[in-house]
Amino acid sequence: MKFKAVRLYSEGGQRVSRMVDQTLADLDPGEVVIKSQFAAVNYKDARAVTGVGNVISRFPCVPGVEVAGTVVESADPAFKAGDRVTVQGGREFGMRRDGAYSEYVRVPAAWIGRVPEGSDAFDMVGMGLAAYTSAVAVDELVRHGVTPDKGPIVVTGGTGGSSSFAIDMLAGLGYHVVASTGKASETEYLKKLGAEEVIGRDGLTTGDKPLEEQLWAGAIDVVGGAPLDKLLRSMKKRGVVCAFGNAAGETFTTSIYPFILRSVSLVGVNANHPVPERGEVWKRMMPGGDLHPRHLQDICHTIPFAELQVHCERLIAGGVRGRAVVSFGD
Ligand SMILES: NC(=O)c1ccc[n+]([C@@H]2O[C@H](COP(=O)([O-])OP(=O)(O)OC[C@H]3O[C@@H](n4cnc5c(N)ncnc54)[C@H](OP(=O)(O)O)[C@@H]3O)[C@@H](O)[C@H]2O)c1
């Protein structure tokens with residue numbers, strides 16, 4: 001059987017992705033073969049496909065860190081043909097071992113989660129790592145005592161996949177959400193998700209002093225770099241910043257004063273957990289849970305597999321709203 005996959009190659013110091021014909025013998029070993037139905041496009045997937053950075057650490061490799069579909073064969077009794085399953089997260093799939101951008105994937109059984117009753121493959125991948133990471137960040141804010149009465153929560157990179165879910169979830173829990181974005185034209189979208197206010201990227205702070213006007217009780221930051229410094233200097237007393245992204249930069253310089261004079265906390269989030277290890281937060285994201293996104297259909301749109309590489313170029317250039325889900329068709 002022949003099928004299509006996108007593979008990343010390392011050639012003469014360059015990383016190049018190509019759509020290629022494959023057979024199962026080309027894929028990494030594993031007990032379970034899945035026919036792919038949907039795969040997500042995260043920021044790191046776009047970096048991998050376009051050859052930016054070091055997301056992929058083995059060559060050649062099929063990128064893509066999230067897929068959902070149907071089991072076609074299994075050497076592990078825990079799964080049988082026809083089971084609806086998803087593979088997401090962990091440090092191997094789509095980075096050191098063949099991943100999601102393939103019409104068939106093969107993985108160890110231990111990486112696989114089931115699609116629960118009441119959900120489907122699209123929902124699983126649509127939410128995926130983006131919604132799960134935002135849910136973990138929202139949970140951290142709550143655990144650190146940031147309740148809705150404390151004041152506004154700002155979310156950076158507002159129109160991005162993860163941030164869109166953060167806005168949706170925070171608004172659903174009754175927070176006053178302020179979305180920061182570089183895309184003023186997407187104000188209506190951000191308000192539909194639940195943002196009470198939409199500000200530009202330069203609205204995160206009021207000036208350049210080490211301590212600026214106290215604006216935010218909490219923040220979810222997906223961009224890092226200089227905007228993270230602006231946030232820290234503009235937090236209210238005991239404010240909490242949950243940071244999990246690097247779209248604006250991998251490093252930043254800041255002042256000690258927000259920490260020692262306003263007791264501001266900076267909380268890092270690494271949510272790269274495989275589905276079988278996601279626990280309570282993942283359950284709360286399922287239909288009926290308090291962290292279930294209310295605007296999944298507004299946030300996610302499907303693209304055909306053939307358009308994956310072009311879409312990844314656009315995402316890296318910052319020209320994408322929400323979250324793309326690759327459809328493999330029938
Ligand atoms: N730690 C973890 O476990 C974890 C898990 C998932 C994702 N992440 C990270 O979270 C970040 C977001 O991921 P994603 O998949 O949601 O990405 P995404 O869909 O591309 O969203 C990123 C958003 O950031 C904003 N942005 C892009 N370039 C920027 C720049 N140069 N300066 C300021 N803002 C910029 C854009 O929003 P606006 O145009 O609206 O401003 C963009 O939509 C990535 O860095 C990703 O690696 C980390």
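Since we're looking at a predicted model, the values are computed, not measured. Atoms within each ligand, like the ligands themselves, are counted from 1 in listed order.
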> Taking atom CG as the centre, does D208 end up with more than 12 heavy-atom neighbours from other residues, nucleotides or ligands that are less than 6.0 angstrom away?
no
> For residues F244 and N272, determine if any side-chain heavy atom of one lies less than 4.5 Å from a side-chain heavy atom of the other.
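Answer no - side chains too far apart.
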> Please list the nearest protein heavy atom to atom 15 (O) of ligand 1 with its residue and the distance rounded to 0.1 Å.
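It is Y43 N, 3.0 Å.
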> So for atom CZ, which belongs to F59, do other residues, nucleotides or ligands contribute more than 12 heavy atoms lying within a distance under 6.0 Å?
yes
> Please write down residue, atom name and distance for the protein heavy atom closest to atom 14 (P) of ligand 1.
S162 OG, 3.6 Å
> For atom 21 (O) of ligand 1, grab the closest protein heavy atom and report residue, atom and distance to one decimal in Å.
G160 CA, 3.2 Å
> Closest non-hydrogen protein atom to atom 41 (O) of ligand 1, residue and atom name please, with distance?
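Answer for atom 41 (O) of ligand 1: G182 N, 2.9 Å.
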> Below 4.0 Å, non-hydrogen atoms only: which portion of V223 touches ligand 1? Side chain, backbone, both or neither.
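For V223, only side-chain atoms sit under 4.0 Å from ligand 1.
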> Output the list of atoms in ligand 1 that are nearer than 4.0 Å to some heavy atom of G245, sorted by atom number.
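Ligand 1 atoms under the 4.0 Å threshold to G245: 9 (C), 10 (O), 11 (C), 45 (O).
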> Is K191 salt-bridged to E188, going by a charged N under 4.0 Å from an acidic O?
no
> May I ask you to identify the nearest protein heavy atom to atom 23 (C) of ligand 1, giving residue, atom name and distance to one decimal place in Å?
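The closest heavy atom on the protein side is G157 O, 3.8 Å.
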> At what distance, to the nearest 0.5 angstrom, does NZ of K192 lie from NE2 of H295?
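K192 NZ to H295 NE2: 7.0 Å, rounded to 0.5 Å.
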> Look at atom 32 (N) of ligand 1 and say which protein heavy atom is nearest, naming residue and atom and giving the distance to 0.1 Å.
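Protein heavy atom at minimum distance: A248 CB, 3.4 Å.
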> Tell me which part of L315 gets within contact of ligand 1: side chain, backbone, both or neither, using heavy atoms under 4.0 Å.
side chain
> Do you know which two heavy atoms are closest between H176 and E197, and how far apart they sit?
NE2-OE2, 2.7 Å
> Ion pair present between R96 and D28, side-chain N to carboxylate O less than 4.0 angstrom?
no
> Take T205 and S234 through the side chain to side chain donor-acceptor pair (under 3.5 Å) test and state the conclusion after the steps.
CA-CA 6 Å; T205 188; S234 305; 2.6 Å; yes
> Between T133 and ligand 1, find which residue part has any heavy-atom pair under 4.0 Å and reply side chain, backbone, both or neither.
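Just the side chain.
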> With side-chain hydrogen bond (donor to acceptor under 3.5 Å, both in side chains) as the test, pick out the partner of Y132 among Q88, H273, R278.
H273
> Could a heavy atom of G158 be found less than 4.0 Å from some atom of ligand 1?
yes
> Give the numbers and elements of all ligand 1 atoms closer than 4.0 Å to a heavy atom of N246.
44 (C), 45 (O), 47 (O)
> May I ask which of R47, R201, R314 has a heavy atom nearer to atom 33 (C) of ligand 1 than the others do?
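Looking at heavy atoms only, R201 sits closest to atom 33 (C) of ligand 1.
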> Considering only non-hydrogen protein atoms, determine which one is nearest to atom 9 (C) of ligand 1 and report residue, atom name and distance to 0.1 Å.
F244 O, 3.3 Å
> Look only at interatomic distance and state if V269 has a nitrogen or oxygen under 3.5 Å from any nitrogen or oxygen of ligand 1.
yes
> Got a salt bridge between K283 and E280, using NZ or NE/NH1/NH2 to carboxylate O under 4.0 Å?
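A salt bridge links K283 with E280.
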> Looking at atom 39 (O) of ligand 1, what's its closest protein heavy atom, distance included?
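Looking at atom 39 (O) of ligand 1, the protein heavy atom closest to it is K183 NZ, 2.8 Å.
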